[in-house]
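Encoded as structure tokens, the structure appears first; notes follow it.
Index from 1, following the sequence. Note that the structure is predicted; figures quoted are calculated from it, not measured.
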Amino acid sequence: MPMTEDFLRFPHQMWEKVLSKVKKAVVFMDSRCTEALHWSGGAALLLEAGARNLKEFSSFEACAENEPKAVFVVSTLLKGRTIDVIKDIISLSHFQYCVVITTVAHSVHLVANNVTTEMEGNPVFEQFEEKLCEWMGNMNYTAEVMHVPAVFAPVSQQLLLTPAFAHLFPLLFPDLEAINTKRPEKKRFGSLVDMDMNSLPVELQLEIKSLAAVLNAMFEATGTREESFAVGPMSRIIAGELAGHPQAKNRRKTAPNKASIIFVDRTMDLTGAVGHHGDNLVEKILTVLEPLPGHVTDIQVDMLELTSLQRTPHSTNILAPGCLAQTQ
């Protein structure tokens, strides 16, 4: 069996790969990666490794002429707005050496670029390296693009969170209706349980594939072959994607350790009420404390909208920590 310490070491091992690239560099990092870094040592890690500064991943940031090296750490595909921001920063600076680190696996980049066949090497990353040199203004300058799954936040010895996937939420019935409107009447789904990976929106498919890839990377690093269980339609799809991951098949043949992983849709959770029935202390706290930018911690749900119970004088809202409560 894999030890708890093996999984706790994994986030730090991933950040060590990032740290190996930051010496004498200005680091640009998006909010999701910054959140994960916070739980693994924070900005002090970068500075101790030789980084000159840490800046927000934004088109409004740039570097001076005496800052020739940049490291970009992002939690997104190297497409669209992410590329635009990197190009903007480079265009406003004087870099001669750029490193781009993405938490999204190269295999997911291939899918995002409609490449269905297996390819040797990392062609998407290699093409982007050429673009970086082009934007720096000299094809002889140095550019590196790599994948590092630095997405886990070790909050405690028994708890790892993934801030990069905080927005990933199970499908609800309105989503089913929206998907069915785009399908022929005879091929429409009767329920969420009937849906499969290919029926989901492309953006959601890429998110699920990215999650499966980072889970596989963690199991690879810990020498673990997993046995998956799923509760809920979205969890079933994610478990299936992990089971079918190309690298996972090889890993399971040789991995010495074994572990069970249970996927649970957040809409399938059952939680206890933590709201105060008298003066509703939770609501008072929420109105006083402003949420931290970019943080997703709690979802407040009016349970009466989810049940057939009638409102009583003592009814109250439920604060379901990190999940959507549901009663059946």
Salt bridge or not for Arg252 and Glu226, using N-O below 4.0 Å? yes
Is the closest side-chain heavy-atom distance between Leu161 and Phe152 below 4.5 Å? no
Tell me whether Ile179 shares a hydrophobic cluster with Met197, the cluster being built from Ile, Leu, Val, Met, Phe, Trp, Tyr side chains joined at under 4.5 Å. yes
Can you confirm whether Leu37 sits close enough to Trp39 that some side-chain heavy atom of one is under 4.5 Å from a side-chain heavy atom of the other? no
Taking all non-hydrogen atoms of both residues, which atom of Ser75 and which atom of Cys33 are closest, and how far apart? N-SG, 3.6 Å
Check whether any side-chain heavy atom of Leu46 lies under 4.5 Å from a side-chain heavy atom of Met29, and answer yes or no. yes
Assess the residue pair Phe72 and Val26 against the criterion (side chain to side chain contact (heavy atoms under 4.5 Å, CB included)); give the C-alpha distance rounded to whole Å, side-chain angles, the decisive distance to 0.1 Å, and a yes or no. CA-CA 9 Å; Phe72 300 91; Val26 176; over 6 Å; no
Atom pair CD (Glu16) and NZ (Lys21), whose distance is rounded to the nearest 0.5 Å: 14.5 Å
Can you check whether Ile208 reaches Leu200 side chain to side chain, under 4.5 Å on heavy atoms? yes
Nearest atoms (heavy-atom pairs only) where Cys133 meets Tyr141: SG-O, 3.3 Å
Contact between Pro123 and His106 at the side-chain level, heavy atoms closer than 4.5 Å - yes or no? yes
Specify the closest pair of heavy atoms between Phe28 and Phe95, including all atoms of both residues, with the distance to one decimal. CE1-CZ, 4.0 Å
Distance, nearest 0.5 Å, that separates CZ of Arg32 from OG1 of Thr162: 10.5 Å
Would you say Asp265's side chain and Met234's backbone share a donor-acceptor pair under 3.5 angstrom? yes
Note, Ile261 side chain near Glu227 side chain (heavy atom, < 4.5 Å): no
For the atom pair CG (Leu192) and CG (Leu176), what is the distance rounded to the nearest 0.5 Å? 5.0 Å
Looking only at non-hydrogen atoms, find the nearest pair between Val214 and Leu211 and report the distance. CG2-O, 3.1 Å
Under the side chain to side chain contact (heavy atoms under 4.5 Å, CB included) criterion, do His147 and Val104 qualify, and how do the steps go? CA-CA 6 Å; His147 160 60; Val104 182; 5.5 Å; no
Check whether any side-chain N or O of Thr102 sits under 3.5 Å from a backbone N or O of Thr76 as a donor-acceptor pair, and report yes or no. yes
Is it true that a side-chain atom of Asn122 and a backbone atom of Phe125 form a donor plus acceptor pair closer than 3.5 Å? no
One should read off an interatomic distance between Asp6 CG and Phe10 CZ, to the nearest 0.5 angstrom, of 12.0 Å
Give a yes or no on whether the backbone of Glu241 and the side-chain of His245 come within a donor-acceptor separation of less than 3.5 Å. no
To the nearest 0.5 Å, tell me how far Lys87 NZ sits from Leu132 CG. 11.5 Å
Between Gln96 and Asn140, does a side chain to side chain contact (heavy atoms under 4.5 Å, CB included) hold up when you go through it step by step? CA-CA 9 Å; Gln96 300 177 22; Asn140 292 320; over 6 Å; no
Show the numbers, then the answer: is there a side chain to side chain contact (heavy atoms under 4.5 Å, CB included) between Ile237 and Asp196? CA-CA 7 Å; Ile237 293 175; Asp196 56 20; 5.7 Å; no
Thr103 side chain to Pro149 main-chain N or O, any donor-acceptor pair under 3.5 Å? no
Would a 4.5 Å heavy-atom cut-off, applied to side chains only, mark Glu134 and Lys131 as touching? yes
Considering only heavy atoms from C-beta outward, does the side chain of Asn53 approach that of Val27 to under 4.5 Å? no
Hey, could you give me the CG/CG distance between Leu78 and Asn113, rounded to the nearest 0.5 Å? 9.5 Å
Donor-acceptor under 3.5 Å (Glu67 side chain, Ala64 main chain): yes
Closest approach of Ala36 to Pro163 (non-hydrogen atoms, all atoms of both residues): N-CG, 4.2 Å
Between Arg225 and Ala255 (side chain of the first, backbone of the second, donor and acceptor by atom type, cut-off under 3.5 Å), is there such a pair? yes
How close do Ala62 and Lys55 get, counting heavy atoms only, and between which atoms? O-NZ, 2.6 Å
Test item: Lys69 side-chain N/O and Ala51 main-chain N/O as donor-acceptor pair under 3.5 Å: no
Judged by atom type as modelled, is there a donor-acceptor pair below 3.5 Å linking the side chain of Asn250 to the main-chain atoms of Gln247? no
Verdict with reasoning, Ser59 to Asp88, per side-chain hydrogen bond (donor to acceptor under 3.5 Å, both in side chains): CA-CA 5 Å; Ser59 295; Asp88 290 341; 2.8 Å; yes
Any donor and acceptor pair, going by atom type alone, linking the side chain of Asn216 with main-chain N or O of Ala212 inside 3.5 Å? no
Could you tell me whether Arg188 and Glu177 have a side-chain N and a carboxylate O separated by less than 4.0 Å? no
